[in-house]
Amino acid sequence: MNLQIRDPRARDLARQLAEKRKISMTEAVIEALESELQRERERVPLAERRLAAISNDLKAKAGSGGRDLTKDEIDEMWGHS
């Protein structure tokens, strides 16, 4: 099955990639699409990245030697004593 690219910009981009890699335009399109799909699968959402950064920052500030709080201590912090 032939790949038909009607959009001039898409065709030009596929041609440029094919020429640089010395492959067919079809292979260039396949490689480009596979690459983009892989990037999407590996993409970490912004909220997740920000939460990880905040978590790492707090862990660094806390240092070592901490301890777990008891339920009573947590309740007291929240004013549930």
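All values below come from the heavy atoms of this structure, side chains included, with hydrogens, waters and symmetry mates left out.
- Sorted by first and then second residue, the pairs that involve residues 36-46 and meet side chain to side chain donor-acceptor pair (under 3.5 Å), not counting sequence neighbours, are Glu36-Arg39, Gln38-Arg41, Gln38-Glu42.
- The two atoms that bring Glu73 and Asp68 nearest to each other are OE1-O, 4.3 Å, heavy atoms only.
- A distance of 13.5 Å separates CD1 of Ile30 from OG of Ser35, quoted to the nearest 0.5 Å.
- To the nearest 0.5 Å, atom CD of residue Glu48 and atom CG of residue Leu46 are 10.5 Å apart.
- Under the 3.5 Å distance criterion, the side-chain polar atoms of Asn56 are matched with a main-chain donor or acceptor of Ala52.
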* **Residue pair Asp12, Arg15: steps toward the salt bridge (charged side-chain N to carboxylate O under 4.0 Å, His left out) verdict** => CA-CA 5 Å; Asp12 185 52; Arg15 182 190 50 74; 2.3 Å; yes
* Go through the steps to decide whether Glu31 and Ile23 satisfy the test side-chain contact (heavy atoms from CB on, under 4.5 Å), and finish with yes or no. => CA-CA 10 Å; Glu31 287 182 11; Ile23 58 177; 3.7 Å; yes
* Going through the distances and angles, do Leu69 and Met77 end up as a side-chain contact (heavy atoms from CB on, under 4.5 Å)? -> CA-CA 10 Å; Leu69 294 175; Met77 277 191 327; 3.8 Å; yes
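- Across all their heavy atoms, Ile5 and Arg11 have their closest contact at O-NH1, 2.6 Å.
- Counting heavy atoms from C-beta outward, Arg49 and Pro45 have side chains that stay 4.5 Å or more apart.
- One hydrophobic cluster holds both Leu33 and Met25 under the rule that ILVMFWY side chains link at heavy-atom gaps under 4.5 Å.
- Of all heavy-atom pairs between Ala28 and Ala18, the closest is CB-N, 3.7 Å.
- Residues Val29 and Ala14 come closest through the heavy atom pair CG2-CB, 3.8 Å.
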